Each structure stands twice: as C-alpha cells, then as structure tokens.
Colleague: 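The structure follows.
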Amino acid sequence: MAELRLYNTMSGEKEVFTPQHDDQVSMYVCGPTVYNYAHIGNARPVVVFDCLYRVLKARYSEVRYARNITDIDDKIIHAAQEQGVDISAVSEEFTEKYREDMAALNALAPTIEPKATEHIEEMISLTQRLVETGHAYESDGHVLFAVESMQDYGALSGRKLDDMMAGARVEVADYKRHAGDFVLWKPSTESEPGWDSPWGRGRPGWHLECSAMIRAHLGESIDIHGGGRDLIFPHHENERAQSCCAYGGDFVRHWMHNAYVDMDGEKMSKSLGNTRTVRELLGQYPGEVLRCALISAQYRSPLNFSEALLEQARSALDSWYGALRRHGSLPDVPTPGADTAVYRALMDDLNTPEAFAAMHTAAATLNKSTDAAEIDRARGELLGGGQLLGLLASDPDMWFQQGVSAEGLSAGEIEAQIAARAAAKADKDYQLADSIRAALEADGVVLEDGAAGTTWRRGS
RNA sequence: GGCUCGGUGGCAGAGUGGUUAUGCAGCGGAUUGCAAAUCCGUCUACGCCGGUUCGAUUCCGACCCGAGCCUCCA
C-alpha cells in the first residue's frame, strides 16, 4: 500500500503522514464566513480538501472531517444592519447557499459542520483559561492574547515578533501591550449582537472559534488542519497560539495550505473586487467542469482562472466520459482504494496533474483496447480515479446530452431528426442527411455515427 | 524593510542528476458516404550568469523577473 505524503507548512517539507490514532484521521478545514456568495477562489480549498477527504477515506477506516461555519463576525453584522435584519437571517441564508454551491462542485458534506454561535461557551472558557495562565489580559473591555507570552509564537508562519514590528503598517490600538497582541473577546454595543461573559457583554475575536471547536469536536490534537494560504498568518498562527497555550500538546500535526486562484496573474479576492462567484459560474458551466479546473493544478501552485482554463477542463472531462461511453453497457464496481496510478499520484501530496495523466492513459486504453481484462482494468482506473477526484459522477450519455441552460432542442426532437437522417442515409440521399446534420449542428447538437448507430451530444 | 514561494515547449501543467510527463492547440496520416469521435506519427522546453559533477532543467551561489504574507481575505 502506497504511503501518504503531505507537505507540512510548519516544516516546509513533504512528510510521511501517519495519523496519531492508528486507523483514524481527524481533519479540520476553515470554512466560510457566511455573509455573501462564495467565489471560485473560496471553492479551491473546499475542492482540494474534499479530494484529500476522499483519499483518506479510501485509505483509513475512520475519517472525522470538520469544516466550520463562521456565523458571527463583523462583516455579517454590517450586512445584517444594512438589510435591517437579524444576523441569523444573513448567516442562515448564505450557509444554505454555500452548501448548495459546494454540493454542485461534488464536494461531500463534512462529517461535522460546527457553527461559531453554538460554541460561545467553549470560547469563553478557553479565554478564561488563557487569562488564568497569564497568556491573555483584559484591557479596555477587550481580552487580548499576549504574543510575548508564547515562546515560539510565529513558528508556523516563519516570522519573528521583531521582524513584524518593523513592517507594522497598521495603527496599533493603545489598549494592546504589544502590537501583535490579538483580540480574544471584544465588547459589543447595544445594537451589536453579544453574549454575557466575565468581561461583560461581548463577542469573540475571529481566531477563537476554530480553537474552541477543534477542541470540542476533534480533541486536543488533530492530524490535519487546512485552509487557504492567506490564513497562515495571522489566523492559523493565532489559533495555534491559543490552543497550544491553553491546552499544551501538539494541536496540529500537519498544516496544509492551498495557493490562490488568480485573475490575470493577481490574487482573486473580495477586497480587490476581481471575483467570480461560484453561483454565477454554475450558470455557465457544469459543476464538474469547475471542479476539474480547480484541481487541474497541484494545490500548492497558483491557478490562473480563465475561460481557457475552463474549456480545457471541459475537454478533459469530454475525453474521459467519451472513453467510458464506449463501454457504457458494462457493469461498474470500481474500488477507489485500489492501488491504481491515480491513487498513487494522489498519495503524493495530492498530485492531481499526475492523476490526470493517469486518467488520460486509462481513457486511451479504453478507446483502443479489445482485451476484456485490460478494458476492465482501465474502467476501474478511470471510474475509481473519478471517485477519488470527485469527477465522472454522471452517466456518460447524460454528460454529453446535458444542456447548461434549458434552451435548445429536446432529446425527443433530436432523436426524431436522427431517425429521419437514418432513413435518408438508407435511401442514399446524402444531401438530405447532411442538411439534417447541419441543421442540428446549428442548434448546437453534434452527431456521431458509430458502429452501433448514431449518438449525439451538445457542443460547448 | 522583514519573511515565503515561484520562473518548464504556442497555452495549461507535472517531474527528474544521464532515458516519453500529460492535456489542449498545430502539422502529417488512418478511419468515415461526408463529418464527429478515435487511433498512429510529428514539431516548439526547462529565466540569466557562474560553480559542483563524467554529465544539470534537476544540486549550490549571485543576478533578473513575478506572486504572496506582514492588514479583513480561501
């Protein structure tokens, strides 16, 4: 059995992955702050860690995968105030939309989806613990984590407190002892949502929930913690500080961070305003195309988002589905955990491009082989690989015949035209046959004559 | 200013101290009533300068260029 190797942000190297408990893995991935639609950049970690989840499930008998929902945050508060509604109206609406969008990308639901507002108690007690142990202090109504109280603060992001001082570009609040100190708990005004605490009515700082929820659901030390690169600092650094100082121990054994989705070579982000929402893109492309595009580069490399990228993803899927379509009548019972080339590629730090190459090899075999055993093996590779990658989930005929929008000819109309053309061909009236083909093509339908008759698909 | 990561063929994108990545596009052929799909063949590579080595795209150093973090952000 191939061993799993994963790059660890902490060490800066690929490491052999061994779960702390024999056959059981715990993974936590930072989820969305639910105040608006997820953009395609937000979807990258979801899809990447969904692949990892699938690989882990194939390899280990128990995988506990938690992805949080941040449903208390200043941005949600602002959105709610603008709309004149309660924050829960905003957070519930966008939690639902997020789930729909991610499901459309074939991302499996995590084992647990903890919400911040359901863990306020845990956050308060974690904060208390940090105050008691001298790692946090109260100042001007806030409770702050004292970064100088932690010996190796900065170890994850590879920075030193002194260096950070030099580059501080932000006004330092005067209630902080050190510029790097961050908020654990902050006061709420009357109009802001808040919870009673030993420090008065307030709400948690944004790093706190993950520490508290990891502890509550996955325990003191987890195997894998993932998220986007931009979370390394300050979010994960601070999470680590909170958890390590409050509870001691390892906290996280493998830190994993995906690179960004870029737009014209520049990071896609809400603050830059160059985003494309998943929802908008789903109106133009099948979810599988978006997913395929998102994993067409290795997760630690930047991915430039473009029409061309999506068209390439579509064409890769077309060729895999096309190979399967040739053998569509065979029963399928793939085993994703089988020791296939796709599996081995993914075991090497999720090398999805190498996995794609193996998928293409399997498809080529299906297209040209006449050996039943070989065909069987290739189908297993392709379908099993598809399960690990979260692709090829549709029926091949459905894939080619689906229209992204409702417009166009119905399947029945197309079949009728095909029958008319077959009759014309039987009469050797090729002129009529060709005019039918051309008419269909003008409506975006491509005919393919094969040994077993004519099949059709919708062109892109 | 500090820290991190990267520069591969027309494009996308892996990998390796000496041997084909892969896909798309291009070109030539096969197949087809015509197509499409498919198959076969084929062309374009490893930022720049040094060093180590029998041999470097791959290791080391300098340089140039790009991206990111240090601030909400996946």
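Here is the naming used below: chain letters follow the sequence lines, and residue numbers restart at 1 for every chain. The shown structure was predicted, so the numbers you read here are calculated from the model rather than taken from an experiment.
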Colleague: Flag the pair A:Val278 / A:His39 as yes when at least one side-chain heavy-atom distance between them is below 4.5 Å, and no otherwise.
Modeller: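 Sidechains of A:His39 and A:Val278: no contact.
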
Colleague: Are A:His225 and A:His254 an aromatic pair, judged by ring center distance below 6.0 Å?
Modeller: no

Colleague: Please work out if A:Gly41 contacts a base, only the sugar-phosphate, or nothing of the nucleic acid, heavy-atom cut-off 4.0 Å.
Modeller: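 Answer is base: heavy atoms of A:Gly41 come under 4.0 Å of a base.
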
Colleague: Produce a footprint string for nucleotides 38-44 of chain B: one letter per nucleotide, 5' end first; B if the base is under 4.0 Å from any protein heavy atom, S if only the sugar-phosphate is, - if neither.
Modeller: SSS----

Colleague: Does A:Ser269 reach a base, just sugar-phosphate, or nothing at all? Heavy atoms under 4.0 Å.
Modeller: base

Colleague: Mind listing the N/O atom pairs, protein and nucleotides 31-36 of chain B, below 3.5 Å?
Modeller:
{"residue": "B:G33", "atom": "O6", "partner": "A:Arg421", "partner atom": "NH2", "Å": "3.2"}
{"residue": "B:G33", "atom": "N1", "partner": "A:Asp434", "partner atom": "OD1", "Å": "2.8"}
{"residue": "B:G33", "atom": "N2", "partner": "A:Asp434", "partner atom": "OD1", "Å": "3.0"}
{"residue": "B:G33", "atom": "N2", "partner": "A:Asp434", "partner atom": "OD2", "Å": "2.4"}
{"residue": "B:C34", "atom": "O2", "partner": "A:Asp434", "partner atom": "OD1", "Å": "3.4"}
{"residue": "B:C34", "atom": "N3", "partner": "A:Arg437", "partner atom": "NH2", "Å": "2.7"}
{"residue": "B:C34", "atom": "N4", "partner": "A:Arg437", "partner atom": "NH2", "Å": "3.2"}
{"residue": "B:C34", "atom": "N4", "partner": "A:Asp449", "partner atom": "OD2", "Å": "2.8"}
{"residue": "B:A35", "atom": "N6", "partner": "A:Asp449", "partner atom": "O", "Å": "3.3"}
{"residue": "B:A35", "atom": "N1", "partner": "A:Asp449", "partner atom": "N", "Å": "2.8"}
{"residue": "B:A35", "atom": "N3", "partner": "A:Arg437", "partner atom": "NH1", "Å": "2.9"}
{"residue": "B:A35", "atom": "N3", "partner": "A:Arg437", "partner atom": "NH2", "Å": "3.0"}
{"residue": "B:A36", "atom": "O2'", "partner": "A:Glu448", "partner atom": "OE2", "Å": "3.1"}
{"residue": "B:A36", "atom": "O2'", "partner": "A:Arg457", "partner atom": "NH2", "Å": "3.2"}

Colleague: Verify the contact: side-chain N or O of A:Ser301 to OP1 or OP2 of B:A14, cut-off strictly under 4.0 Å; return yes or no.
Modeller: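 A:Ser301 to B:A14 OP1/OP2: side-chain N or O found under 4.0 Å.
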
Colleague: Using a 4.0 Å heavy-atom cut-off, write out nucleotides 25-30 of chain B from 5' to 3' as B (base contacted by protein), S (sugar-phosphate only) or - (no contact).
Modeller: ------

Colleague: Could you pull out all residues at least two apart from A:Arg177 that satisfy salt bridge (charged side-chain N to carboxylate O under 4.0 Å, His left out)?
Modeller: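 With sequence neighbours excluded, A:Arg177 shows a salt bridge (charged side-chain N to carboxylate O under 4.0 Å, His left out) to no residue whatsoever.
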
Colleague: Kindly say whether the aromatic ring centers of A:His236 and A:His207 come within a distance under 6.0 Å.
Modeller: no

Colleague: For RNA chain B, produce a single dot-bracket line, 5' to 3'. Pairs: Watson-Crick or G-U wobble, both distances under 3.5 Å. Symbols: ( ) within strand, [ ] crossing, | other strand, . unpaired.
Modeller: (((((((..(((.....[...))).(((((.......)))))....(.(((..]....))).))))))))....

Colleague: Quick one: salt bridge (charged side-chain N to carboxylate O under 4.0 Å, His left out) partners of A:Asp71, sequence neighbours excluded?
Modeller: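 None.
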
